[in-house]
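Below: one structure, written as structure tokens.
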Amino acid sequence: MDFRNRKKIGILFNFSGSWLGGVYYVQNIIKALNFLEDVEKPEIVVFYTNELANFAKEIQYPYIKLVQNDFSNPYSGYLKSWFFRKNIFITDIIQKYNLDGVYPLYDHPLIDKKLKGKTIAAWFPDLQHKFYPKYFNKINLLFREARVKLILKNASVLVVSSNDVANHFKQFYKIPKALKIHVLPFVSIIDDFNFNNFLELKEKYSLPDEYFMVSNQFYEHKNHIIIMKALSVLKKNNSNIKIVLTGKMEDYRNPNYIEILKNEIIENKIEGNAILLGVIPRKDQLCLIKNAKAIIQPSLFEGWSTVIEDAKSLQVPVIASEIAVHKEQLEENGTYFDPKNADELATILEKYNSGNQDLIFEEYQERVKKCAANFMSVFN
């Protein structure tokens, strides 16, 4: 492997393994770099926690180094950073591995003079706490707000996933003139487009011939409740539509939410229509997405939807809530509904015909190349 004269970028892989959207986000950013010309490919050093070890080792990239790292606890990390006047989270690893920059940085307690000339790319996924504070406890709200303000004060580059999120930052905060906001929409990378095992998976998961699919973690703001209510409407209309739902059935912010969903299913007798699979292997998930009539993305709030990117890479139609970021992500290629109107969603599903379009979205390789080039422009 030739590492000479390549830009050297550290990737911080240090969040909860239960946040699969974040896991896939980091994996996809690195995998996208495979689509660059060899001379343009950077050297990547992935700093991962023990919890994310298996995910880190899955990444295939020619110029990669994996380093297990015990990152500081966020709370103690901030205190140590202020005491020692250096960014405890990144200064030592940048100096030890001679990095040109790091990404995605979530903690920016101060301006570290030792890092002058380095690209420290701060990242924040979205400002959900400004729109739905009820989904956060008081400590999370305070710490999230403090993180944002310190990023705005101390970072030189803030990366966000959509223009919608960039506009939210400008709406709620005064942006320093020295801070550059860089919009970097990610793309879902598919390692293998060979999905010829669908019949096996159909039997494995007891799936019907036709189904729609929802693939989100079961957080309250992901709005699974509207799916259950739409199925209830369809049941009353004697429509036997099936919806397959994958994702971790846990909401740490509202532990009762999963029971609410399950009670909705039982009370409305839609057990055979809402097919709950939980977390399934990624390759199985992609195969089920590929063979769905359409993906439904009912979320009330997103920074940039991973499952929509999956659908775009696989050329699968998307029925999405009519929030601004979904319209930015899908443009005229999406079918939209009011995320609080079960009757509207039920009508769309009942009448839905995806047609026989082979190419709904921009061609896969072109999208990935643009993503990789956009990522590298953060460090140029």
Between the side chains of Lys118 and Asp112, is the shortest nitrogen-to-carboxylate-oxygen separation below 4.0 Å, so that they form an ion pair?
no
task = Taking Ser162 for its side chain and Gly303 for its backbone only, find out whether a donor-acceptor pair lies under 3.5 Å.
result = yes
Checking Asn273 side chain against Ile241 main chain: does a donor-acceptor pair fall under 3.5 Å?
yes
**Asked** Under the 3.5 angstrom rule, does the side chain of Lys8 hit a backbone N or O of Tyr97 as a donor-acceptor pair?
**Response** yes
ask   = If only atom types and distance count, is the side chain of Tyr364 paired as donor or acceptor with the main-chain N or O of Ile190 below 3.5 Å?
value = yes
Residues at least two apart in sequence or cross-chain that pass side-chain contact (heavy atoms from CB on, under 4.5 Å) with Ser16, listed by chain then number, are Ser18, Glu51
query: Would you find more than 12 non-hydrogen atoms of other residues, nucleotides or ligands less than 6.0 Å from Phe193 atom CZ?
result: yes
Would Leu115 and Thr91 count as a side-chain contact (heavy atoms from CB on, under 4.5 Å) here? Give the steps.
CA-CA 7 Å; Leu115 302 180; Thr91 299; 3.9 Å; yes
### Message
With heavy-atom distances below 4.5 Å as the criterion, would you say the side chains of Pro42 and Leu33 are in contact?
### Response
yes
task: Answer yes or no: is there a donor N or O on one side and an acceptor on the other, between the side chain of Asn374 and the main chain of Val183, under 3.5 Å?
output: yes
Are His326 and Glu302 close enough that a side-chain donor and a side-chain acceptor fall under 3.5 Å?
no
Report the C-alpha distance between Asp192 and Asn194 in whole Å, list the side-chain angles of each, state the deciding distance to 0.1 Å, and finish with yes or no for side-chain hydrogen bond (donor to acceptor under 3.5 Å, both in side chains). CA-CA 5 Å; Asp192 184 2; Asn194 181 11; 4.8 Å; no
Shared hydrophobic cluster for Val316 and Ile319 (ILVMFWY, side-chain gaps under 4.5 Å)
no
- Message: For Ser299 and Ser321: C-alpha separation, side-chain torsions, deciding distance, then whether side-chain hydrogen bond (donor to acceptor under 3.5 Å, both in side chains) applies.
- Response: CA-CA 6 Å; Ser299 186; Ser321 54; 5.8 Å; no
Side chain Glu328, main chain Asp164, donor-acceptor under 3.5 Å
yes
Contacts of Leu79 meeting side-chain contact (heavy atoms from CB on, under 4.5 Å) (sequence neighbours excluded), chain-then-number -> Trp82
Item to complete: May I ask you to test the Pro125-Tyr25 pair for a side-chain heavy-atom distance under 4.5 Å?
Response: no
Would one find more than 12 heavy atoms of other residues, nucleotides or ligands at under 6.0 Å from atom CG of Asp70? no
Report task. Indicate, with yes or no, if Ile275 and Ile265 share a hydrophobic cluster defined by side-chain heavy-atom contacts under 4.5 Å among Ile, Leu, Val, Met, Phe, Trp and Tyr. Result -> no
Whether Asp191 and Lys31 form a salt bridge (side-chain N of Lys/Arg under 4.0 Å from carboxylate O of Asp/Glu) is what I want to check. yes
Residues 329-342 vs side chain to side chain donor-acceptor pair (under 3.5 Å), sequence neighbours excluded, gives Glu309-Gln329
Between Phe131 and His221, is the gap from one ring center to the other below 6.0 Å? no
**Prompt:** Same cluster or not: are Leu12 and Val23 linked, directly or through other Ile, Leu, Val, Met, Phe, Trp or Tyr residues, by side-chain heavy atoms under 4.5 angstrom apart?
**Reply:** no
| query | Is the shortest heavy-atom distance from the side chain of Tyr48 to the side chain of Val26 under 4.5 Å? | reply | no
Note to self: Quick one, Ile90 with Leu99, criterion side-chain contact (heavy atoms from CB on, under 4.5 Å). Give me CA distance, side-chain angles, the key distance, then yes/no.
What the structure shows: CA-CA 10 Å; Ile90 56 169; Leu99 303 176; over 6 Å; no
Taken in chain and number order and not counting sequence neighbours, the residues that satisfy side-chain contact (heavy atoms from CB on, under 4.5 Å) with Asp107 are Tyr78, Phe89, Arg147
- In terms of the angle between their ring planes, are His129 and Phe124 parallel, tilted or perpendicular, with boundaries placed at 30° and 60°? perpendicular
Sub-3.5 Å donor-acceptor pair from the side chain of Thr246 to the main-chain atoms of Ser215, do we have one? no
Same apolar cluster: Ile296 and Ile360, side chain cutoff 4.5 Å: no
Original post:
Is the backbone N or O of Pro298 less than 3.5 Å from a side-chain atom of Asn223, with the two atoms forming a donor-acceptor pair by type?
Top reply: yes
Joining Ile, Leu, Val, Met, Phe, Trp and Tyr whenever any side-chain heavy atoms lie under 4.5 Å apart, the cluster holding Tyr219 also takes in Tyr252
Do Arg367's NZ or CZ and the ring of Phe361 fall within the cation-pi criteria of under 6.0 Å and 45°?
-> no
### Aromatic contact, Phe47 with Phe13 (centres under 6.0 Å)
no
Is the count of non-hydrogen atoms from other residues, nucleotides or ligands lying under 6.0 Å from Asn237 atom CG greater than 12?
-> yes
Requested in this report: Show your working on side-chain hydrogen bond (donor to acceptor under 3.5 Å, both in side chains) between Asp284 and Tyr205 and close with a plain yes or no.
Outcome: CA-CA 10 Å; Asp284 289 6; Tyr205 296 114; 2.7 Å; yes
Exercise for review: May I ask you to check whether Tyr103 and Phe375 place their ring centres under 6.0 Å from each other?
Suggested key: yes
Q.
Ring centres under 6.0 Å, that's the criterion: do Tyr132 and Phe136 meet it?
A. no
NZ (Lys283) and CG (Leu288) are apart, to the nearest 0.5 Å, by 12.0 Å
Q) Between Arg282 and Glu58, is any pair of side-chain heavy atoms under 4.5 Å apart? A) no
Checklist entry - Do Gln128 side-chain atoms and Phe301 backbone N/O form a donor-acceptor pair below 3.5 Å? => result no
Q | Within 6.0 Å of CD in Gln171, more than 12 heavy atoms from elsewhere | A | yes
Should the heavy atoms of other residues, nucleotides or ligands under 6.0 Å from CD of Glu363 be counted, would the total exceed 12?
yes
* **More than 12 heavy atoms of other groups within 6.0 Å of Lys80 NZ** => no
Counting only heavy atoms not in Lys229 (residues, nucleotides, ligands), do more than 12 fall under 6.0 Å from its NZ? no
- Sub-3.5 Å donor-acceptor pair from the side chain of Gln27 to the main-chain atoms of Phe55, do we have one? yes
CG (Asp100) and CG (Asn380) are apart, to the nearest 0.5 Å, by 10.0 Å
inquiry  = Closer than 4.0 angstrom, basic N to acidic O: yes or no for Asp38 and Arg6?
reply    = yes
Hits for side-chain contact (heavy atoms from CB on, under 4.5 Å) against Asn291, two or more places apart or cross-chain, chain-then-number order -> Phe198, Tyr211, Cys287
message = Between Glu362 and Lys312, does any side-chain N to carboxylate O distance fall below 4.0 Å?
response = no
